[in-house]
Amino acid sequence: MRVGVVVFPGSNCDRDALYAATLVGAESYPIWHESADLRGADLVILPGGFAYGDYLRAGALARFSPVMGAVREHAAKGGLLLGICNGFQVLAEAGLVPGALLRNSSLRFEHRWVRLAVERHDTPFTRAIPLGTQLRMPIAHGEGNYFLPEADLDALEASRGVVFRYTTPEGNPNGSARDIAGVLDARGTTCGLMPHPERAAERILGSDDGLLLLRSVVESVAASTERQPVAVHA
Amino acid sequence: DGILDPQGRAVETSLPHLGVSAVHGVRVGRRVELDVDATDDAAARVIVERLATELFANPLIEAFEVELLTGAAAGSMA
Amino acid sequence: DGILDPQGRAVETSLPHLGVSAVHGVRVGRRVELDVDATDDAAARVIVERLATELFANPLIEAFEVELLTGAAAGSMA
Amino acid sequence: MTIPAATVDAVPLHRALGVTDGELEAIQVKLGRSPNDLELAMFSVMWSEHCSYKSSKPLLATLPTSGSDVVAGPGENAGVVRIGDGLAVAFKLESHNHPSAVEPYQGAATGVGGILRDIFTMGARPVAILDALKFGDPSQDRTRYLVRGVVRGVSGYGNCVGVPTVGGELVFHPSYAGNPLVNVMAVGVLEERHLTRAVAPGPGNLAVLFGSSTGRDGIGGASVLASATFGEASATKRPSVQVGDPFAEKLLIEASLELIERGLVEGLQDLGAAGITCAVSETADRASTGIRVDLDAIPRRESDMEPFEVMISESQERMLAIVTAEQLPHVLEVCARWDLPAAVIGRVTDDGLVTIVTGGLDAAGAPAAGARELARIPAAALTSEAIIHQRVAAAPVRRRPMPVPDDAPDAMSDPSPGLPERGMDPGAVLQALLGHPDLCSRAWVTRQYDATVGADTVDGSEHGAAVIRVRGTTKGLVMATDAAERVGLLDPWLGAAFAVAECTLNVAVTGAHALGVTNCLNYGDPERPEAFWQLQEGVRGLGDACRALGLPITGGNVSLYNESAATTIAPTCQVGIVGLLEDIGRRVGPVPGGAGEMVALLGAATRGLAGSIYVDIAGPGPDDRLPTLDLTAHAALLRLLPAAAEQGLLRAAQDVSGGGLAVALAEMCLWSGVGADLTLGVGAEPASDLFGEGPSRVAVTLAPADWDALATLAAAAGVPLQALGETGGDSLRIRLVAQGVASTSDERGAGIADDLDTSLDVLRDAWDHGLPRALGDDAWRPEPHAREG
Ligand SMILES: Nc1ncnc2c1ncn2[C@@H]1O[C@H](COP(=O)(O)OP(=O)(O)O)[C@@H](O)[C@H]1O
Ligand SMILES: [Mg+2]
């Protein structure tokens, strides 16, 4: 599996994501924000950090980065796209997943370990997660308070667009509507989540639950290449 | 809207600490001032409106107004 | 006025990504709108000026302006 | 050039700039003439306490600095120590006290930015930040404003640059009311072959300034802010606040490390205090060269800046690279790719001078036709040969064994209402200690810090020392920073030595060996003999402790004039240590594994309650004395711990410090969620056994089967080992039995009336809420307690 991690100016979890991808046997490489070439990525990750300093609004400036044209095309073709933390904010600003991330209800940056309930096991990001498993990973953000107008939330739930929810005992750390921690786009191939699976990828760091997410992607890429062989990119 | 403006709400709750009671309805937003090279006000406004819709404000959570200052334009969001 | 405005700078450097070249001198600040119960404009202004200095703006690194809207006051910082 | 009239105010210019008449004479001797105004401004910032160390240099010269693995010691931007596998670690502590007192958010933020630059300038990638913060009474609005601003500043900057903040200190003491301390430590990892120095070698080479443009920030910040005691004048100093841009810093880190890794620079220097003046003079002086600065080439944020403003501006996020003409295009390409403006602003010369030219340089680097020279100063005169003052030290007339309520700084206003007086229920005292703002959970602060970015954090800041793994190896870095301000107030020698003892123990309990020591000396006005005596004693204590423990001091920082109209700070020798775990899998944490482990104490208590937090809350007693520090015994303990960890004998280890043994044990219980059933032998003053802060003790837990092995090891090391009991249950029970006393009940009255038996829920409530309660934050909620399986 080929994993391309976009590097925006101000990204600061790009190296962590590149490393975590190697732990599930993927070949990972950075994609510079000015490049239009995703180099045949099976999975594109928009990593955490403070792209463009998060100035104006988190994700607002990154959305216009030259690379985003190629990312959009990749997603439109059904390529897998994962936005983590700041990457989720960029996806939301770019309209690639529904919703907006407001300031945390505490009005503070929140760094802590949370637990996630997995709402669906039939997505490319969750298929390897055993039923009933809760995922433990850290959050670290100032704007992770998921927002959608009520009616749109109902629609999102109806279309099963919510994939991760904060759950007990730690609960909802940021005021997110309906405890939402991660969502999917309509196609189900783009996922945005605030917690950091790449920081929960080794036991020594406190949890390796994040690997389940990456393994899911490996499985689903393997399954889809079995079904429909595609041209191999150099 | 309180959900969309937690900062405004926080400011409001802190006002009694400052002994201020006559103030309410606090809304905290952003103000962007910029210089636009344009032949006239209308042309400048077109450019700024575009920037405001696409960049300065996120329509899901923010509204904006454009104001022309003397030979300049400023947009505010709340 | 010479105080570093990293936000404004970052916005300005990414304007070319939007194909905008006619805009410069971007300054990003805050705008606070509030409703004041006061007998007259002057009294309202006194309250808002005080809040602006003590709460909304840090006079060391921010400047502010108070503007009276119809029956309301708003202060902007840049 | 004109200095704004307002700052001159009929006072001669040099004095307005903080240069004494004697210093002006010394400048005239160095130059062989009178300085012009620009030169005087440059001297004023370079000869400030902050840049020249003019009061402390003779003292610092006494510190032990050598060690076989030390690659770079004091004099460089950061100390660097080898850790094997071709790797080295760079680390340093630095203060940003005065800027944070004026503008807490930006002061703390730029403090983080500044120390990070010291690390990556050496070629190291920053991997951790620790912040040591000291404030006045937490119930005061001013304190709360400062705490919020400083914590937000550290968080806003550190989180954005993507370096985890994994440790630090938070202390409240009335002596810091008018002058908070913000000391920040940064740690980085580098390949030794990339070690880069801040030098300007090779006449003809180019000086490239990259990063943010130069504005009016911090004009005179170093000399005026850091050297003048605060007073009414602080309002007029306001325009000199520096504003940080962590986004620019993040780009600066990546660009600088790329320049270094690709071998594109001959030397690299960050810009901090005294801005361009400091960067060019230090790099030139270290290389015995000179630099000719093309003033007009310096990119500015404002068009109407005076030459002196450009030369001493402390605008943040700037770097100076010395590059060859051949590499220049590559250097400029790297900067452009990282969106960092860069400009050639001068040439290295062989004349040993810093010259400032307006009107441009020609292709050969000489002043262009019609150009004018505005300043011409020997580089050494600004730096290595800057003035040194032999200050007068005088111990206070009456050396107090303990503060007498009347002449001690105002006691904190009611830290915990309804607290038991001395001699009351030990459970209530323990509860009060766990809720004390200096001892309770730091989650209110640390939750605002990203402690896991980088995906290398093995242990963040809530428990003891931080542990960062070195990716690609089996190694771990253990880091901690400590001071002993309450002890320092009573005996500045002991305060500094205690800080070293506590910090070394914090590192050693994990099983790590200390690599070296950095420090930040925070003291008062050195022109006051008592304050200078405190500094002298502090440096002596620091040096004595490090020599006895065989530890090199690899760097540090001095911050003087920490006084306000109302108070002088407690003498604060802040110590920072990085230790190495060869095998991170063998590290020992402070959290017991569960019920059924043996609990024991390594080391023997030295009695004395003076300088403890117990005295802070229970009030001083007539016989309170300071505990003593036996550095030989301490060294033995420091050797034993890694050996025990190596053999896998310890399940958990926690050093005894603030709040004493009872607090150390209570914390272990709280963190594991499992209580303990213990018996403690006590002497005539049980409070001292339970709550005394005598050094060189470690509470450990172990599997009962390992007791004999540990006892053998401890005996061989000459370290006393005492079994206390075992873990289990959901409360902490400590039975007090008299030692060498016939009847317990007769003797116990002196301090403590009863055994201690308190449920963990009660202790946890005190510990969890201590800080938000002290700071009046009703909205804050602790995380629900969840045990990890
Ligand atoms: N207390 C101290 N102990 C040891 N070295 C010190 C101490 N204070 C300063 N130094 C050393 O003196 C040099 C100059 O310090 P400083 O001016 O703070 O450096 P920089 O300008 O790079 O921040 C540094 O190498 C620093 O490590
Ligand atoms: Mg430096």
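So that the names make sense, note that chain A is the first sequence line, chain B the second, and so on, each numbered from 1. Predicted model, so just to flag it, every value in this text is computed and none were measured.
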Drop me the distance from [X]'s [atom1] to [Y]'s [atom2], to the nearest 0.5 angstrom.
X      : Y      : atom1 : atom2 : value
A/F109 : D/C160 : CZ    : SG    : 9.5 Å
A/S106 : D/Q448 : OG    : CD    : 8.0 Å
A/I204 : D/T457 : CD1   : OG1   : 11.0 Å
A/L107 : D/R152 : CG    : CZ    : 7.0 Å

TODO: For each of D/R781, D/E249, D/R587, D/R337, tally heavy-atom pairs with chain A at distances under 4.5 Å, and name the one with the top tally.
DONE: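 Greatest number of close heavy-atom pairs with chain A: D/R337.
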Open item on the list: Over 60° means perpendicular and under 30° means parallel, so tell me whether D/F247 and A/Y52 are parallel, tilted or perpendicular.
Closed with: tilted
TODO: Please step through side-chain hydrogen bond (donor to acceptor under 3.5 Å, both in side chains) for the pair D/T452 and A/H111, ending with a clear verdict.
DONE: CA-CA 8 Å; D/T452 53; A/H111 173 267; 2.8 Å; yes
Open item on the list: What verdict does the side-chain contact (heavy atoms from CB on, under 4.5 Å) test give for D/R471 and A/D16, after you've listed the backbone C-alpha separation in whole Å, the side-chain angles of each residue and the deciding distance to 0.1 Å?
Closed with: CA-CA 11 Å; D/R471 205 181 280 176; A/D16 309 355; 4.0 Å; yes
Task: Cationic N near anionic O, under 4.0 Å, D/D450 to A/R199 - done: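 Looking at A/R199 together with D/D450, the answer is yes, because their closest N to O distance falls below 4.0 Å.
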Open item on the list: Any side-chain to backbone donor/acceptor pair from A/N12 onto D/G454? Under 3.5 Å, distance only.
Closed with: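 Answer holds: no.
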What part of [X] gets closer than 4.5 Å to chain D, counting heavy atoms only: side chain, backbone, both or neither?
X      : answer
A/T168 : neither
A/E110 : both
A/E34  : neither
A/P138 : side chain

Task: Flag for D/D456-A/Y19: side-chain donor and acceptor within less than 3.5 Å - done: no
Open item on the list: If you compare all heavy atoms of D/L251 against all heavy atoms of A/G10, which two are closest, and at what distance to 0.1 Å?
Closed with: CD2-N, 4.1 Å
- [ ] Identify the two heavy atoms, one from A/S11 and one from D/K250, that lie closest to each other, and give their separation to 0.1 Å.
- [x] O-CE, 3.1 Å
Open item on the list: Are there over 12 heavy-atom neighbours, none belonging to D/D730, within less than 6.0 Å of that residue's CG?
Closed with: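 It does not: D/D730 CG has 12 such atoms or fewer within range.
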TODO: Please look at D/V161 and chain A and tell me whether the side chain, the backbone, both or neither of the residue comes under 4.5 angstrom of a heavy atom of that chain.
DONE: backbone
